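In what follows, residues are counted from 1 in the order of the sequence shown. The shown structure was predicted, so the numbers you read here are calculated from the model rather than taken from an experiment.
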Amino acid sequence: MSVKRRFFFSVVANIARAGASLITGLLIARGLGPSDYGNLAYLLGSFWAIRALLDMGASSAFYTFIAQERRSKIYYFLYIFWLTFQFLFSVALVAWLLPQAVVDRFWLGQERQMVLLALLATFLQNQVWQTVVQIHEAERKTIRIQMAGLLIVFVHLLLVALMLLGEWLKIQAILWAIVAEYMAGALWLSRTLRHSILVPHTDGEKTQKSTVRTAFFEYFSYCRPMIVIAVFTFCYEMADRWLLQRFGGASQQGFYQVASQLSTISLLATGSILNILWKEIAEACKRGDNTRVFALHQRATRSLVLLAAIISCFFALWAKELVAILLGTAYQAAWPILFVMLFYPIHQAMGQINGILFMASSQNATYMKVTIAGLLVSLPASYVLIAPEHGALVSGLELGAMGLAIKIVGLNIVFVNIQSWLIARHYHAKYYWYYQFSGISIFFTLAFFSKYAVQGFIPDASEMIETGAKQGLLLGVVCSGIIYLAGVLAFFLLVPKMVGFDKAETRLILKKLRLSVIGMNN
């Protein structure tokens, strides 16, 4: 299947999945309230950090190897063995090895049984399901895995809606739902995975034969610099979440989580192409085709960064109204945090693409150095921004979730651009940086004027919530969005180079669109 077709289907599937996930998250947030939602976010987030520590880059190595070329089943079995070890070690650690005092200190009063349930849910949702996705993408079976992912997300939405209607929406029930969904999904696709791993291919491609020793040392060589990243990433992830939970409280954790989740709407296209891009870059690197590698990176970066900027700039100006419409007064204090966090996906998209190039091309040492430098700066910055002004060993600014949002967005911009500069230097190319900031400025200006155009017809958001007139507020957002999209389209027609197209390519795209419209009318 071609890259364009796989990408198109992935975009459509990701939009549907992101929409369902967003609705599910909003239902959970409203049903649990800021405090319990913050506790759920902290439980899941803590095991995301632990997962990064135990993984040690093995998941990246596994996907890179099977994406480069056909591999023998030894590569699969070694990775599955490592996954099994991670799970058993984590369970033993939480269930028996850690003293109760450490559990109370680390998970801040959560019961040990709840912590174990969160461990099981995150392991199935992240490690196990990620492995299923990687094997399918390596075989270019994008449609099958996207359909399975869609089904799981919509089942989860249905279960959460039923819990909310039945008034038994609790943290424990949500975690059990995640366990059941991803376990069923993994078992359902196990037959396909077994066929991909064990059955010889007959399409003319040779499967690489390897010994256990060869495969082990290839994994070890790839993961060695990633081990250092894993340790620092764990410290970074846990420090941010623990400091916010400890000094800000569960409600601040809930505000940050809701802002972070809403901001991911800007990453729809990025999430759609990551595994596909990884596959194509890994293959090109294996062939030594550096021209294609850099071309893939540049086109994906420019297009996806600008697309994220288009979405983020519009919704940032409507942050207060979005929180009012979607979450109600309980979360109204979260809107300034959402405003800041909506700018994070712009450079997050850039960072994810950079990370894929580093890992798919086995430039792990360079990736390690830049990542560690960022994490070393991040840890003290988090403390200063989140810690209380009084009562702590070292006084902080006590900004809570807002401080964490400012730190994440600011440092992300700096270190992602350092990564991009190193990539350009490695491929002996000129580094173009200006399109990021010119694009954000232009789209933010267009968003401001589109909101101003309908501002006179829309009363204050808080007044509309009190009077129950959410429909008018939503209509204003939609009308502003139409004006904004018209402005964005006009801008791209005038300056196609902003998205990496020349005028000839733009004319070709317009011709295809015109022919499509004529065909639909006929």
Side-chain angles (χ1 to χ4, degrees), residues 17 20-55 83-84 86-96 98 100 103-104 106-133 148-149 151-188 237-238 241-242 244-245 249-251 253-258 260-261 264:
R17 185 165 60 244
S21 297
L22 181 60
I23 294 170
T24 304
L26 294 174
L27 290 177
I28 293 172
R30 293 191 73 133
L32 293 180
S35 183
D36 279 348
Y37 187 61
N39 285 327
L40 175 63
Y42 182 69
L43 276 170
L44 297 176
S46 65
F47 283 108
W48 176 260
I50 293 171
R51 179 251 180 194
L53 176 64
L54 294 178
D55 181 71
L83 279 182
T84 305
Q86 290 180 52
F87 178 68
L88 295 177
F89 177 77
S90 300
V91 170
L93 192 68
V94 174
W96 301 295
L98 288 178
Q100 186 61 44
V103 172
D104 291 339
F106 192 79
W107 281 283
L108 299 170
Q110 297 294 328
E111 295 181 0
R112 195 184 291 261
Q113 292 84 352
M114 189 72 78
V115 175
L116 279 169
L117 181 57
L119 187 161
L120 179 59
T122 52
F123 182 81
L124 288 168
Q125 186 179 27
N126 296 316
Q127 285 99 314
V128 172
W129 187 249
Q130 182 191 41
T131 303
V132 173
V133 171
L151 181 60
I152 289 175
V153 169
F154 278 103
V155 167
H156 189 58
L157 172 58
L158 177 62
L159 291 177
V160 168
L162 291 174
M163 291 179 202
L164 192 60
L165 290 173
E167 298 185 353
W168 47 281
L169 184 67
K170 305 292 182 185
I171 293 176
Q172 190 172 15
I174 294 167
L175 293 175
W176 274 118
I178 293 172
V179 169
E181 292 153 9
Y182 284 94
M183 183 178 290
L187 291 174
W188 177 39
E237 291 282 352
M238 273 314 306
R241 293 183 179 276
W242 189 87
L244 188 58
Q245 190 83 358
S251 293
Q253 190 83 244
F255 291 156
Y256 174 77
Q257 182 64 23
V258 113
S260 180
Q261 186 169 19
T264 59

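To the nearest 0.5 Å, atom CH2 of residue Trp107 and atom CG of residue Asn39 are 14.0 Å apart. If you take CG on Leu164 and CG on Leu169, they are separated by 5.5 Å, rounding to the nearest 0.5 Å. The OH atom of Tyr182 sits 8.5 Å away from atom CG of Asn126, with the distance rounded to the nearest 0.5 Å. Within the model, atoms CG of Leu44 and CD of Gln257 stand 8.0 Å from one another, a figure rounded to the nearest 0.5 Å. A distance of 10.5 Å separates CD1 in Ile171 from CG in Leu117, rounded to the nearest 0.5 Å. Atoms CD1 and CG, on Ile178 and Leu159 in that order, are 10.5 Å from each other to the nearest 0.5 Å.
For the pair Thr122 and Trp48, the minimum side-chain heavy-atom distance is 4.5 Å or more. Residues Val153 and His156 have side chains not in contact (no heavy-atom distance under 4.5 Å, counting atoms from C-beta outward).
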Q.
Using side-chain contact (heavy atoms from CB on, under 4.5 Å), reason through Leu151 and Trp188 one step at a time and then give a plain yes or no.
A. CA-CA 12 Å; Leu151 181 60; Trp188 177 39; 4.1 Å; yes
Q: Let me see the working for Leu32 and Ile174 under side-chain contact (heavy atoms from CB on, under 4.5 Å), right down to the final yes or no.
A: CA-CA 11 Å; Leu32 293 180; Ile174 294 167; 3.9 Å; yes
Q.
Does Leu27 form a side-chain contact (heavy atoms from CB on, under 4.5 Å) with Leu157? I'd like the steps, not just the answer.
A. CA-CA 9 Å; Leu27 290 177; Leu157 172 58; 3.9 Å; yes
Q: Go through the steps to decide whether Val94 and Phe47 satisfy the test side-chain contact (heavy atoms from CB on, under 4.5 Å), and finish with yes or no.
A: CA-CA 11 Å; Val94 174; Phe47 283 108; 4.3 Å; yes
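Side chain of Glu237 to main chain of Gly45: no donor-acceptor pair is present (N/O by atom type, distance under 3.5 Å, no hydrogens or angles). Panel note: side chain Asp55, backbone Arg51; no donor-acceptor pair is recorded below 3.5 Å. A donor-acceptor contact shorter than 3.5 Å links the side chain of Ser21 to the backbone of Arg17.
Nearest heavy-atom pair across Leu162 and Trp168 is O-NE1, 4.0 Å. For the pair Ala250 and Ser35, the tightest heavy-atom approach, listed with the atom from each and the gap, is CB-O, 3.3 Å. Here the closest non-hydrogen pair linking Val115 and Gln110 is CG2-CB, 4.0 Å. Residues Ser46 and Met238 share a closest heavy-atom pair of CA-SD, 3.6 Å. When every heavy atom of Ala186 is checked against every heavy atom of Trp129, the shortest pair comes out as N-CZ3, 4.0 Å.
Counting non-hydrogen atoms of other residues, nucleotides and ligands closer than 6.0 Å to CD of Glu167 gives a total of 12 or fewer.
Phe123 and Phe87 have tilted rings, their planes meeting at an angle from 30° to 60° on a 0 to 90° scale.
Of the residues Gln253, Gln261, Arg30, the one that meets the side chain to side chain donor-acceptor pair (under 3.5 Å) test with Tyr37 is Gln261.
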